[in-house]
Engineer: 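Following this message is one structure expressed as C-alpha cells.
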Amino acid sequence: MIVASQPYTHQAGHWTYGVWHCMPPRGTSRLHGRYPQTYLKRVLALFPDCHTILQCPSGVVTSPGVTVDLSTGQGQCPCVQADATALPFRDKTFDLYIADPPYTSQDAEKYGTPVFSVHRAMQEAYRVLRRGGYYALLHFSYPAYGKSRWELVGLIGVLMGFQSRIRVLSIFQKQ
C-alpha cells in the first residue's frame, strides 16, 4: 500500500486531475455547505500566477480577492452583494473566478436564495474573466459548457469524509 501525506493531484501539460480528501469545515459559522478545510488553499496553489481573484458566491469567505454573494445573513459578509448572473464589474477584470454555489433547490432554500443557474453564472464568468483566465467551479457534477468559449483543463474529486456528498472541482480556461 502506498501512503501519501498529501492527496494526489496530477498535472500533465495543461490538464490537472486527482482526488482531494479535505476535512469538514470547522469554526463557529453554521453556514450550510462551506468550503472544506484546506480547499481554498489548494485551489489557490493551482493558480500561482492569478492575482485578480473573484469568489462568487463567497459564503463566509472574506479573502483573497473580491468576494461576492447574494446573501448577507448567516455570517456572510461579501465585499459586494450581487447576483452571480449580473455582476457589477467591467469586462475582463479577473484572472481567476472561484465558485461554490448552492447545488440544489433544497440547498438554495437553506441559503434563502433563488436556485443557482450554473449556465447563466458561467456566461457572466466568461464576461468578467480575462482571456486565459480560469473558472474553478465546485459542484456535484461538472457542467455542460461551450467548447468555443471554454477549455476544460481539470477535474478534481473533493471528498470530505463519511456520508458526505462527493464534489468535483471543474476547472475551465477562457478561450
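Model, not experiment: these values are computed from the prediction.
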Engineer: Around Gln175, counting heavy atoms of other residues, nucleotides and ligands shown, do more than 12 lie under 6.0 Å from its CD?
Structural biologist: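 Atom CD in Gln175 is packed in, count exceeds 12.
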Engineer: Mind checking salt bridge (Lys or Arg N to Asp or Glu O under 4.0 Å) for Asp91 and listing every partner two or more places apart, or none if nothing turns up?
Structural biologist: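 Only Arg127 meet the salt bridge (Lys or Arg N to Asp or Glu O under 4.0 Å) criterion with Asp91.
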Engineer: For His139 versus Pro101, what's the shortest heavy-atom pair and its separation?
Structural biologist: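 Heavy atoms of His139 and Pro101 come nearest at CD2-CG, 3.8 Å.
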Engineer: By the side-chain hydrogen bond (donor to acceptor under 3.5 Å, both in side chains) test, which pairs, at least two apart or in different chains, include something from residues 50-65?
Structural biologist: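 Qualifying pairs: Tyr35-Gln55, Thr52-Asp95, Thr52-Arg130.
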Engineer: Same hydrophobic cluster for Val68 and Val115, using side-chain heavy-atom links shorter than 4.5 Å among ILVMFWY?
Structural biologist: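 Per the 4.5 Å side-chain linkage, Val68 and Val115 are not co-clustered.
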Engineer: Can you name the side chain to side chain contact (heavy atoms under 4.5 Å, CB included) partners of Ser117, sequence neighbours left out?
Structural biologist: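 Applying side chain to side chain contact (heavy atoms under 4.5 Å, CB included) to Ser117 gives His119, Arg120.
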Engineer: Show the nearest heavy-atom pair for residues Met122 and Pro143, with the distance to one decimal.
Structural biologist: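 Minimum heavy-atom contact is SD-CG, 3.7 Å.
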Engineer: Rounded to the nearest 0.5 Å, how far apart are OG1 of Thr67 and CD1 of Ile53?
Structural biologist: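 One gets 12.0 Å once the value is rounded to the nearest 0.5 Å.
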Engineer: Under the side-chain hydrogen bond (donor to acceptor under 3.5 Å, both in side chains) test, which residues partner Gln11, sequence neighbours left out?
Structural biologist: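 For Gln11, the residues satisfying side-chain hydrogen bond (donor to acceptor under 3.5 Å, both in side chains) (neighbours in sequence not counted) are Thr16.
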Engineer: Report the distance from atom NZ of Lys41 to atom CG of Leu46, rounding to the nearest 0.5 Å.
Structural biologist: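 Output value for this atom pair is 13.0 Å.
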Engineer: Tell me, please, which residues at least two apart from Leu155 pass side chain to side chain contact (heavy atoms under 4.5 Å, CB included).
Structural biologist: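 Only Trp15, Tyr142, Leu152, Val168, Ser170 meet the side chain to side chain contact (heavy atoms under 4.5 Å, CB included) criterion with Leu155.
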Engineer: Check step by step if side-chain contact (heavy atoms from CB on, under 4.5 Å) holds for Leu87 and Val80.
Structural biologist: CA-CA 9 Å; Leu87 296 169; Val80 177; over 6 Å; no
Engineer: Can you name the closest pair of heavy atoms from Ala121 and Thr85 and give their distance?
Structural biologist: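 Where Ala121 meets Thr85 most closely, the heavy atoms are N-CG2, 3.9 Å.
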Engineer: Sorted by first residue and then second, give each salt bridge (charged side-chain N to carboxylate O under 4.0 Å, His left out) pair with at least one member in residues 134-159; sequence neighbours left out.
Structural biologist: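 Matches after skipping sequence neighbours: none remain.
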Engineer: Which residues pass the side-chain hydrogen bond (donor to acceptor under 3.5 Å, both in side chains) test with Gln163, not counting sequence neighbours?
Structural biologist: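 Residues passing side-chain hydrogen bond (donor to acceptor under 3.5 Å, both in side chains) with Gln163: none at all.
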Engineer: Could you grab the distance from atom CZ of Phe89 to atom CZ of Phe94, nearest 0.5 Å is fine?
Structural biologist: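 If we round to the nearest 0.5 Å, Phe89:CZ and Phe94:CZ are 4.5 Å apart.
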Engineer: Might you point out which heavy atoms bring Tyr135 and Ala99 nearest each other, and give the distance in Å?
Structural biologist: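 Taking every non-hydrogen atom into account, OH-CB, 3.8 Å.
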Engineer: Is any side-chain heavy atom of Val43 closer than 4.5 Å to a side-chain heavy atom of Ile156?
Structural biologist: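 No, every pair of side-chain atoms sits at 4.5 Å or beyond.
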Engineer: How far apart are the closest heavy atoms of Leu169 and Leu138, and which atoms are they?
Structural biologist: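 Smallest heavy-atom distance, with atoms named: N-CD1, 4.1 Å.
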Engineer: How would you list, by chain and number, every residue that makes a side chain to side chain contact (heavy atoms under 4.5 Å, CB included) with Pro48, sequence neighbours excluded?
Structural biologist: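 With neighbours one apart ignored, the set is empty.
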Engineer: What's the shortest heavy-atom distance between Cys56 and Tyr97, and which atoms?
Structural biologist: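 So the two residues come closest at O-CE2, 3.4 Å.
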Engineer: Please enumerate all residues that pass side chain to side chain contact (heavy atoms under 4.5 Å, CB included) together with Leu70, with sequence neighbours excluded.
Structural biologist: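 Expected list: Asp83, Thr113, Pro114.
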Engineer: One pair to check against side-chain contact (heavy atoms from CB on, under 4.5 Å): Arg167 and Asp100. What are the steps and the verdict?
Structural biologist: CA-CA 10 Å; Arg167 304 180 211 181; Asp100 181 15; 3.8 Å; yes
Engineer: Which residues satisfy the ring-ring contact (aromatic ring centres under 6.0 Å, His included) test with Tyr134, sequence neighbours excluded?
Structural biologist: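 Residues passing ring-ring contact (aromatic ring centres under 6.0 Å, His included) with Tyr134: Phe47.
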Engineer: I'd like to know whether Trp20 forms a side-chain contact (heavy atoms from CB on, under 4.5 Å) with Thr38, so could you lay out the CA-CA distance, the side-chain angles of the two residues, the decisive distance to 0.1 Å, and finally the verdict.
Structural biologist: CA-CA 10 Å; Trp20 292 345; Thr38 70; over 6 Å; no
Engineer: Name all residues meeting the ring-ring contact (aromatic ring centres under 6.0 Å, His included) criterion together with Tyr126; count only those two or more places apart in sequence or in a different chain, and write none if there are none.
Structural biologist: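 In terms of ring-ring contact (aromatic ring centres under 6.0 Å, His included), with neighbours along the sequence ignored, Tyr126 is linked to Trp150.
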